[in-house]
Each structure stands twice: as structure tokens, then as C-alpha cells.
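The first residue of the sequence shown is numbered 1, and numbering continues consecutively from there. For ligands, and for the atoms within them, numbers begin at 1 and follow the listed sequence. Because only heavy atoms are used, hydrogens play no part in the values below, and waters and symmetry mates are left out as well, while side chains stay in.
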Amino acid sequence: MVRAERVCKNFGALNVLKGITLEVKRGEVLCLIGPSGSGKSTFLRCINHLERVNAGRLYVDGDLVGYREKNGKLYELHPRDAAKQRRDIGMVFQHFNLFPHRTALENIIEAPTQVKKLKRADAVARARELLARVGLADKADAYPAQLSGGQQQRVAIARALAMDPKLMLFDEPTSALDPELVGEVLGVMRELAASGMTMVVVTHEMGFAREVADQLVFMDGGVVVEAGDPRELLANPQQDRTKAFLSRIL
Ligand code: ATP
Ligand code: MG
């Protein structure tokens with residue numbers, strides 16, 4: 001579902017991604033860990049073309065992200081086609097990013113009605129299903145400020161799912177939450193993974209990574225230092241940098 005081949009990204013003279021190669025198969029969950037500034041968010045942003053890759057190739061569901069290839073040359077996609085690609089990828093951020101002046105339900109139906117041109121009644125019915133799925137059936141009419149952080153994040157997940165994505169990206173979805181609210185969000189993510197969703201998750205919740213992820217990838221300085229089965233990697237890291245990092249967070 002996601003294939004990165006030697007993906008490089010620089011901001012001016014700053015080389016942030018220095019050749020990332022990895023693959024996430026359909027239905028798999030990949031957890032990405034690494035120190036601050038190692039390029040985790042940048043890599044996620046490249047996957048849905050919020051950032052443009054400078055070298056290497058990135059494919060989602062077989063399609064080159066952001067580009068069209070012709071006779072071995074790459075041409076940037078028309079913004080309209082790039083937007084169409086992005087529509088199939090759900091993204092959840094650290095800071096929920098809900099529209100503050102809209103209710104939970106209105107937040108969820110926004111993109112389906114505006115972008116997909118779904119009928120309002122159909123979008124509302126689907127939004128109610130999704131709210132139930134994330135355990136918030138009774139919060140449809142609440143505004144974000146009336147919800148806890150964990151509830152807001154669950155609305156944000158429901159909002160992403162409302163576009164029927166084939167891939168979900170999570171960038172530290174629980175790191176802004178009070179500790180007692182982390183579990184409810186991880187629970188929703190766990191169920192999503194069990195339902196077969198393909199997911200790339202930047203997180204330092206190692207319990208989640210150990211139990212849910214098919215692959216754990218440790219990034220440092222814009223490269224993949226070590227990757228593999230989460231239990232194996234956590235129990236028996238091979239690289240000194242991985243060992244040092246894990247000893248700081250575990
Ligand atoms: P954190 O754990 O703190 O979220 P991260 O691994 O997600 O870190 P990134 O946000 O990907 O790291 O940033 C990697 C590097 O790229 C950092 O040095 C950052 O300052 C730089 N960077 C990110 N976005 C930009 C940008 N738009 N312009 C310039 N530099 C950027
Ligand atoms: Mg980040």
C-alpha cells in the first residue's frame with residue numbers, strides 16, 4: 001500500500017530525509033519512532049504529498065505520489081489530481097485540528113459533503129455510524145471545546161474515516177493527551193487496525209507498537225537505522241543508536 005524507495009527530502013541546505021526505503025503492505029500497521037527532528041513528520045507529510053519529495057520514489061496503492069511518470073521522466077501532477085490522491089489518505093495530527101465553531105457531527109460531514117458531494121442526509125447517517133464506532137454516539141452535537149482531548153481526537157479519527165481512506169496516517173495522535181485519555185484513543189486505533197486498515201503511526205506508545213504493529217521502524221537523522229518485528233526489535237535492538245533511544249523512552 002505504501003512503498004518508499006530511497007526517499008529524500010531537504011529544506012534548503014537541511015537534508016531531512018536521506019534515502020528512506022520501506023514498505024507497508026495492505027492491512028499492515030507500521031509504527032515509526034525516533035528522536036525529535038529525525039524526520040518522522042516530514043516523512044508522513046511526504047506520503048500524502050503535503051511535502052514534495054526531492055529524490056527517490058513514493059508509491060501509495062501503486063500510484064506515484066504527486067507525480068506522473070512518462071518515458072522515465074517525472075512530471076508534477078496537476079493540483080486537482082494531487083488533491084484527488086490525497087483524498088484517499090486520512091491523517092490525524094497531534095493537535096486534533098477540529099473546526100472549533102462546528103459540532104462533532106458537522107466536523108465529520110464537512111469533507112464528505114463539500115469534497116465528495118455526498119448528500120447531507122447520507123453524510124449525517126454515516127457520521128453517526130462513525131461516532132458510534134469511536135464511542136461518541138451521544139456527542140454528535142457537542143462543540144470541540146465541550147469535549148475532552150481524547151474525545152476530540154476520536155472525533156478527528158472519525159472525520160478522517162468519513163472519507164473512506166485506504167490508508168491512515170497518525171502523527172503522535174496521543175502525545176498531547178493527559179495520560180488517562182491515551183488509552184481510549186489507542187483503543188479506537190487498535191480496533192481500526194483489527195478491521196484491516198493500513199496504518200502508518202508515529203508514536204512512542206511502545207505497548208501499542210508491540211501489540212498492534214506489524215513493523216517497527218526506528219529513524220534517526222533522516223535514515224532508517226533499524227526496522228523489524230516490534231517485539232524482536234524492542235527486546236533485542238541491534239544498533240547502538242536504537243539501544244540508546246529505547247533506553248531513554250522505555
Ligand atoms: P518531532 O519528534 O519533534 O515531531 P520529527 O521527527 O517529526 O520530530 P520533523 O518535523 O520531520 O521531525 O522535522 C525534521 C527536521 O526538518 C527538523 O530539523 C525540522 O526543523 C525540519 N523541518 C521540518 N519542516 C520544515 C520546513 N517546512 N521548513 C524547514 N525545515 C523544516
Ligand atoms: Mg513530528
Determine whether the side chain, the backbone, both or neither of T42 has a heavy atom under 4.0 Å from any heavy atom of ligand 1.
both
Backbone or side-chain N or O of S36 under 3.5 Å from ligand 1 N or O:
yes
Within a distance of under 4.0 Å, is there any protein heavy atom near atom 19 (C) of ligand 1?
no
As an exercise, identify every atom of ligand 1 less than 4.0 angstrom from a heavy atom of P35.
6 (O)
Nearest protein heavy-atom contact for atom 16 (O) of ligand 1: which residue, which atom, what distance?
V16 CG2, 3.2 Å
Are the side chains of L192 and M199 in touch, meaning some heavy atoms are under 4.5 Å apart?
yes
Should D61 and R26 count as an ion pair when the cut-off is N to O under 4.0 Å?
yes
Side-chain heavy-atom pair L17, C46 within 4.5 angstrom cut-off:
yes
G37 neighbourhood, listing ligand 1 atoms whose heavy-atom distance to it stays under 4.0 Å
1 (P), 3 (O), 5 (P), 6 (O), 8 (O), 12 (O), 14 (C), 15 (C)
Anything protein N, O or S sitting under 2.8 Å from the Mg ion (ligand 2): count it and give me the total.
1
Out of curiosity, is E172 lining ligand 1, as in a heavy atom under 4.0 Å away?
yes
For E226 and Q238, test the side chains for any donor-to-acceptor distance below 3.5 angstrom and give the result as yes or no.
no
Which of the atoms in ligand 1, numbered in the order shown and given with their element, are less than 4.0 Å from a heavy-atom of S41?
4 (O), 5 (P), 7 (O), 10 (O), 11 (O)
Evaluate side chain to side chain donor-acceptor pair (under 3.5 Å) for E51 paired with T42, printing each intermediate quantity in order.
CA-CA 7 Å; E51 300 288 356; T42 302; 6.0 Å; no
Counting only N and O atoms by type, is there a donor-acceptor contact under 3.5 Å from the side chain of Q85 to the main-chain atoms of L64?
yes
heavy-atom search around atom 31 (C) of ligand 1 in the protein gives F11 CD1, 3.2 Å
Does the distance from a Lys or Arg side-chain N to an Asp or Glu carboxylate O, for E76 and R68, drop under 4.0 Å?
no
Going by the atom numbers of ligand 1, which of them fall below 4.0 Å from some non-hydrogen atom of S38?
6 (O), 12 (O)
Do R126 and E129 sit within salt-bridge range, that is, some charged N less than 4.0 Å from a carboxylate O?
yes
Honestly curious: do I108 and Y143 fall in one hydrophobic cluster under the side-chain, below-4.5 Å linking rule?
no
Check ion pair E211-R190 (N to O, under 4.0 angstrom)
yes
For G39, is at least one N or O under 3.5 Å away from an N or O on ligand 1?
yes
Please state whether G12 comes within less than 4.0 angstrom of ligand 1, counting heavy atoms only.
no
For atom 21 (C) of ligand 1, what's the nearest protein heavy-atom neighbour? Residue, atom name and distance, please.
L14 CD2, 3.8 Å
For the residue pair F245 and F218, is the inter-centroid distance of their aromatic rings smaller than 6.0 Å?
yes
Drop me the distance from Q151's CD to L177's CG, to the nearest 0.5 angstrom.
11.0 Å
For ligand 1, is any non-hydrogen atom under 4.0 Å from V202's backbone (N, CA, C, O), its side chain (CB onward), both, or neither?
neither
If you scan protein heavy atoms around atom 2 (O) of ligand 1, the nearest is K40 NZ, 2.7 Å
So, R57 and E69, do they make that salt bridge, N to O below 4.0 Å?
yes
Would you say atom 13 (O) of ligand 1 touches the protein, meaning some protein heavy atom is under 4.0 Å from it?
yes
Does G34 reach ligand 1, in the sense of a heavy atom lying below 4.0 Å from it?
no
Any Lys/Arg nitrogen of E5 or R3 sitting under 4.0 Å from an Asp/Glu carboxylate oxygen of the other?
yes
